[in-house]
Amino acid sequence: MKQRDRQILKIAIPAIVTNITVPLLGLVDTAIVGHMGSATYIGAVAVGSMIFNLVYWLFGFLRMSSSGLTAQARGRRNMQEAADILVNSVKVALMVALTIWILQYPLYLVMMWLIAPTADVRPLVDVYFRIVVWGAPATLCLYSLSGWFIGMQNTRIPMAVSIFQNVVNILTSLLLVYGAGLKIEGVALGTVVAQYAGLLAAVLLWRKYYARHFTMLHYQSSIFHSQFATNRDIFLRTLCLVAVNLCFTSAGARQGAEILAVNTLLMQLYLLFSYILDGFAYAGEALGGRYWGAADKTAYDDVVRRLFGWGALVTLLFTVLYVIGGMPFLRLLTDDPSVVEASRSYVWWAWLVPAAGVTAFVWDGIFIGTTQTRGMLLSSAVAAVAFFLTVWLTVRILGNHGLWLAMILYLAMRGIIQTAIRPRIVK
């Protein structure tokens with residue numbers, strides 16, 4: 001294995017572990033409330049988690065912009081600039097968190113209108129929301145720190161922090177629920193404690209390994225403007241992704257509970273693939289940005305080639321895995337025979353997900369690393385328009401097959417457009 005491949009795997013493997021452990025925060029809460037004796041607790045945590053996942057997803061630019069700009073600064077060996085990038089990103093994270101705190105009531109009302117939970121679940125969601133919202137500064141600052149660590153070519157720290165968060169969440173939630181007798185309040189408090197514990201761990205690790213670079217902080221308008229432009233593009237691009245996912249879910253729901261269940265199960269195959277390939281996208285952010293910042297075109301091109309090589313290998317493995325084990329995997333997720341049987345008609349769409357999505361995933365990492373976020377926004381916007389048009393034209397005729405056709409087309413178009421505009425960006 002060549003040195004460049006070792007560099008890629010050194011970043012990708014810890015990132016993959018982090019991606020897999022992140023959803024455990026929600027799963028732990030669900031497992032605990034699942035033994036409280038009422039399905040309303042499960043529904044409340046599901047809705048509450050969905051609210052915060054959606055809100056925080058919109059501010060994912062805090063991680064992505066920190067990653068790309070920091071990687072470039074490291075490539076230029078300008079640690080002062082890298083330090084200023086982190087400080088600016090944390091400032092934005094705190095301002096966003098303060099805004100969420102101030103607007104928490106209207107935000108809650110909007111989310112309740114969008115999700116429309118049943119009357120018995122809503123009071124518990126209210127309790128969960130009013131507690132977990134106070135964890136916003138910790139979560140958003142962790143986004144900034146995680147992106148910065150990735151830009152510094154260090155994905156081991158985010159991995160360690162993620163694992164530590166899960167351990168704290170499990171122990172605290174169990175103590176509060178079964179020790180102190182709290183119910184939904186205990187689960188919510190456990191989540192918040194885990195969020196701040198994760199932030200504290202990240203800060204301590206930053207202080208141990210990187211604090212020496214923060215001795216002479218100063219404001220640089222050029223850095224601020226670069227971060228603002230990058231954040232704006234990624235935020236708008238995320239809105240496109242959110243719109244597509246919401247449309248996909250709602251269009252499936254309109255076809256009945258069975259189709260909604262089928263699509264939910266099949267999307268787990270998509271998420272599993274994304275957790276793995278995102279690790280290589282993070283490597284693209286870190287190494288692509290580093291060599292772009294260093295103006296080392298040879299190394300940059302080599303990183304791009306090898307990332308696509310790893311992407312092709314992962315795509316092949318997952319395609320074979322889904323063709324052979326797709327249905328057995330779905331049967332592990334549900335024992336409802338009608339849902340399993342209905343999935344047979346659509347599971348082959350999931351076989352196409354790796355091939356359709358690999359190019360977009362790899363390019364996303366490269367584009368973030370080189371902060372060519374306008375290209376990401378353009379590809380996502382055009383692909384989203386194609387998705388909505390395809391849904392409008394085909395779902396009435398093809399039903400759920402038309403919806404999956406739109407999703408596969410959306411994934412493929414993002415990669416095709418990025419491939420087309422990349423030569424101009426490099427030039």
Side-chain angles (χ1 to χ4, degrees), residues 15-31 33-34 42-43 45-54 56-57 60 115 162 166 241-242 244-281 311 314-358 360-361 364 387 400-401 403-412 414:
I16 291 168
V17 174
T18 303
N19 288 341
I20 293 172
T21 58
V22 165
L24 290 178
L25 280 172
L27 290 176
V28 168
D29 289 348
T30 301
V33 298
I42 299 176
V45 169
V47 172
S49 299
M50 184 188 305
I51 290 173
F52 287 104
N53 287 341
L54 182 59
Y56 292 146
W57 190 17
I115 301 173
S162 181
N166 280 285
L241 302 186
V242 170
V244 166
N245 282 320
L246 287 177
C247 178
F248 183 86
T249 301
S250 63
R254 285 195 295 270
Q255 298 178 67
E258 186 174 85
I259 292 297
L260 177 60
V262 168
N263 287 349
T264 301
L265 293 179
L266 292 179
M267 284 302 288
Q268 301 311 305
L269 297 176
Y270 169 80
L271 290 174
L272 181 60
F273 172 72
S274 71
Y275 290 152
I276 304 301
L277 207 56
D278 260 345
F280 292 96
V314 172
T315 297
L316 177 62
L317 290 175
F318 269 84
T319 301
V320 173
L321 178 65
Y322 287 171
V323 171
I324 297 174
M327 285 306 302
F329 178 73
L330 296 181
R331 282 193 288 270
L332 287 177
L333 299 179
T334 181
D335 57 2
D336 188 321
S338 62
V339 173
V340 172
E341 189 59 33
S343 299
R344 293 184 184 278
S345 300
Y346 304 102
V347 68
W348 62 273
W349 285 109
W351 302 350
L352 302 178
V353 165
V358 59
F361 275 97
D364 279 352
F387 172 84
N400 201 44
H401 288 292
L403 187 57
W404 274 99
L405 173 64
M407 177 58 75
I408 295 298
L409 179 64
Y410 164 75
L411 292 172
R414 282 171 53 196

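Positions are given from 1, in the same order as the sequence printed here.
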Margin query: Minimum heavy-atom separation for Q255 and L403, please, with both atom names.
Written below: NE2-CD2, 4.0 Å

Note to self: For L266 versus V347, what's the shortest heavy-atom pair and its separation?
What the structure shows: CD2-CA, 3.9 Å

Check: What orientation do F387 and Y410 show, parallel under 30°, tilted 30 to 60°, or perpendicular over 60°?
Finding: perpendicular

Notebook entry, point to check: Roughly how far, to the nearest 0.5 Å, is OH of Y270 from OH of Y275?
Noted result: 10.5 Å

Check: Where is the tightest heavy-atom contact between A15 and G279, given as atom of each residue plus distance?
Finding: CB-CA, 3.9 Å

Margin query: Are the side chains of V353 and I408 in contact, using a 4.5 Å heavy-atom criterion?
Written below: yes

Check: Do W57 and N53 have side-chain heavy atoms sitting under 4.5 Å apart?
Finding: no

Check: Do the side chains of F273 and T315 get nearer than 4.5 Å, heavy atoms only?
Finding: yes

Note to self: Return the OH to CD1 distance between Y346 and I259, rounded to the nearest 0.5 Å.
What the structure shows: 4.0 Å

Check: If you take all heavy atoms of G311 and L277, which pair is closest and at what distance?
Finding: CA-CD1, 4.0 Å

Margin query: Rounded at 0.5 Å granularity, tell me how far OG in S274 sits from CG in N19.
Written below: 7.5 Å

Checklist line | Approximate separation, where rounding is to 0.5 Å, of L246 CG and L241 CG | finding: 11.0 Å

Margin query: I'd like to know if the side chain of N263 pairs up with that of W404 as donor and acceptor (distance under 3.5 Å, no hydrogens or angles considered).
Written below: yes

Next item on the list: Mind listing the closest non-hydrogen atom pair of F329 and L269 along with its distance?
Entry: CD2-CD2, 3.3 Å

Check: Aromatic ring centroids of Y322 and W348 under 6.0 Å?
Finding: no

Next item on the list: Enter the distance from L411:CG to L352:CG here, rounded to the nearest 0.5 Å.
Entry: 10.5 Å

Next item on the list: Provide the full list of salt bridge (charged side-chain N to carboxylate O under 4.0 Å, His left out) pairs with a residue in residues 344-357, sequence neighbours left out, each pair given once.
Entry: E341-R344

Note to self: Side chains of W349 and M407, heavy atoms from C-beta outward: is any pair under 4.5 Å?
What the structure shows: no

Next item on the list: Rounded to the nearest 0.5 Å, what's the gap from CG on L271 to CD1 on I276? Could you check?
Entry: 11.5 Å

Next item on the list: Take L317 and L321, measure what side chain to side chain contact (heavy atoms under 4.5 Å, CB included) needs, and give me the verdict at the end.
Entry: CA-CA 6 Å; L317 290 175; L321 178 65; over 6 Å; no

Next item on the list: Measure across R414 and A360 and return the closest heavy-atom pair with its distance rounded to 0.1 Å.
Entry: CB-CB, 3.8 Å

